[in-house]
Amino acid sequence: MLDPKYLRSELEETAQRLAQRGYELDIATLATLEERRKTLQSSTQELQAQRNARSKSIGQAKGRGEDIAPLLAQVGELGDQLESAKVELAQLLTDIDNIAMSTPNLPDSDVPVGKDEDDNVEISRWGTPRTFDFEIKDHCEVGEAMGGIDFAASVKLTGSRFVVLKSKIARMHRALAQFMLDLHTEQHGYIEAYVPYLVNSESLRGTGQLPKFGEDLFHTNPANEEGTGLSLIPTAEVPLTNLMRDEIADEAQLPLKFTAHTPCFRSEAGSYGRDIKGLIRQHQFDKVEMVQLVKPQDSDNALEELTGHAEKVLQLLELPYRKMLLCTGDMGFTAAKTYDLEVWLPSQDCYREISSCSNTRDFQARRMQARFRNKETNKPELLHTLNGSGLAVGRTLVAILENNQQSDGSVTVPAALRQYMGGLAVIS
RNA sequence: GGAGAGAUGGCAGAGUGGUCGAAUGCACCGGUCUUGAAAACCGGCAUGGGUUUAUAGCCCAUCUAGGGUUCAAAUCCCUAUCUCUCCGCCA
């Protein structure tokens with residue numbers, strides 16, 4: 001959520017910056033609601049003050065043993081006026097809140113203006129895609145050939161966009177998550193967390209999935225209008241970031257850095273037709289997530305650091321990738337600035353997203369009231385929140401199967417992963 | 001699943017209809033004392049919002065949440081959520 005005061009005072013400016021990301025802010029409606037709110041809120045509070053004063057004097061008169069009947073008569077119609085003013089104000093505030101909660105974050109000034117992914121800017125590349133002297137297979141062919149990827153089974157059990165992994169490939173999938181968690185906790189200073197996979201709607205509002213993107217999630221019953229049903233997490237960003245919802249951290253505790261390995265569930269409504277084949281786009285996938293909660297002045301550096309942590313995983317696994325700075329039009333709802341890491345996939349002859357690292361500044365923190373106490377002023381201030389994949393486990397598996405495949409159908413295990421696979425150097 | 005108890009500020013914990021945004025303690029901040037620190041003592045210290053140049057002042061709201069009773073609710077009533085205890089069940 002944007003700062004309501006800023007939104008109010010800099011309406012035109014805000015609208016312009018939001019237009020860069022393809023979001024049209026309804027200035028006219030907002031201005032009208034705001035004007036009404038201002039007068040109504042003042043008059044309501046004035047009525048409230050009057051009633052409070054009179055009620056108080058009734059109490060005092062009673063205490064002195066005076067007759068309070070005339071005072072009671074006076075206060076009667078005041079109550080009616082107050083009641084109707086309150087009702088109208090509440091509706092108005094709800095309307096304004098709905099707009100505020102559905103408005104995306106402002107892009108940082110150094111984010112390139114653009115329409116879609118074609119306008120993203122490449123920042124750097126690491127590694128060189130291998131040249132193959134044999135006919136390459138995609139990850140499905142590699143995995144199915146060694147009996148480790150079974151889509152027939154998952155279709156029987158559940159349906160499309162799920163997978164069953166077996167034997168060495170299942171083990172590699174598990175090993176990847178272990179490897180990533182160990183790296184982030186032992187080398188990068190993150191606190192490992194085990195978190196619920198079902199969350200309530202308050203958490204989802206906090207990180208920005210609700211109220212706007214409910215259809216991307218799987219909900220449990222009863223998922224009614226009030227959203228009292230629990231929902232499966234689309235990313236561990238939701239539980240990890242919400243750890244600090246309605247909390248005030250000590251400044252000395254900062255930065256807070258959490259990591260977790262969780263499954264992620266996405267209904268991907270409307271995305272049918274994209275990546276139908278294979279492990280790239282699933283309703284359920286595992287991910288190791290990194291979340292940082294930092295002081296505002298530290299969030300620029302934190303985004304670079306956090307992205308570096310994700311890059312480190314790819315480097316240790318020796319997977320070629322490139323780092324992209326997303327343009328205004330391609331960023332997520334909550335992001336002020338986002339780097340995507342894209343890993344090389346030989347079968348597709350292109351780089352594909354494997355990590356997305358974002359600084360949301362105070363956008364999520366304001367929704368969550370996630371704060372810290374400023375040591376100098378002794379006042380609570382909003383934190384800045386950042387999140388990034390480190391990495392998507394399924395897609396990492398895909399990248400290894402494809403980049404490390406051999407002409408005989410086997411796959412070499414990256415050196416960094418071998419200790420997590422009982423020393424195996426090759427799977428076949 | 002059954003029975004009972006509870007939810008108050010950063011934390012602990014008083015408060016059962018009016019002068020209560022709320023005693024007290026801890027924590028925290030400032031000061032006195034001290035070579036320095038500790039202790040002791042003195043003072044300060046909730047959050048959100050409105051108005052405003054203002055983190056000044058004034059005003060409104062907030063004692064889990066949502067309804068209700070009342071001129072007036074932390075306090076009375078209803079509902080929900082959560083927590084704890086006991087029983088049952090269970091990995």
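Here is how names work: the chains are called A, B, and so on, in the same order as the sequence lines, proteins then strands, and each is numbered from 1.
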Task: Stretch residues 31-47 of chain A: residues that reach within less than 4.0 Å of RNA chain B through a heavy atom - done: A:Arg37, A:Lys38, A:Gln41, A:Ser42, A:Gln45
Task: Ion pair A:Asp95/A:Arg36, N-O distance below 4.0 Å - done: no
Open item on the list: With a 4.0 Å cut-off on N to O distance, would you call A:Glu247 and A:Arg371 a salt bridge?
Closed with: no
[atom1]-based separation of [M] from [N] [nearest Å]:
{"N": "B:rG18", "M": "B:rA74", "atom1": "C1'", "value": "13 Å"}
{"N": "B:rA5", "M": "B:rG43", "atom1": "C1'", "value": "41 Å"}
{"N": "B:rA80", "M": "B:rA22", "atom1": "C1'", "value": "26 Å"}

What does [X] touch in the nucleic acid at a heavy-atom separation under 4.0 angstrom: a base, only the sugar-phosphate, or nothing?
{"X": "A:Pro380", "result": "sugar-phosphate"}
{"X": "A:Arg8", "result": "sugar-phosphate"}
{"X": "A:Asp250", "result": "nothing"}

Task: Partner residues of A:Gln419 under the side chain to side chain donor-acceptor pair (under 3.5 Å) criterion, sequence neighbours left out - done: none
TODO: Just say parallel, tilted or perpendicular for the rings of A:Phe162 and A:His283, cut-offs at 30° and 60°.
DONE: tilted
Open item on the list: Using the ring centroid of each side chain, check whether A:Tyr194 and A:His261 are separated by less than 6.0 Å.
Closed with: no
Would you tabulate the nitrogen or oxygen pairs shorter than 3.5 Å linking the protein to nucleotides 71-75 of chain B?
from: B:rC71; atom 1: O2'; to: A:Ser55; atom 2: OG; distance (Å): 3.0
from: B:rA72; atom 1: O4'; to: A:Ser55; atom 2: OG; distance (Å): 3.2

- [ ] Map A:Lys5 and A:Ala53 onto RNA chain B by nearest heavy atom, then report which one ends up closer to the 5' terminus.
- [x] A:Lys5
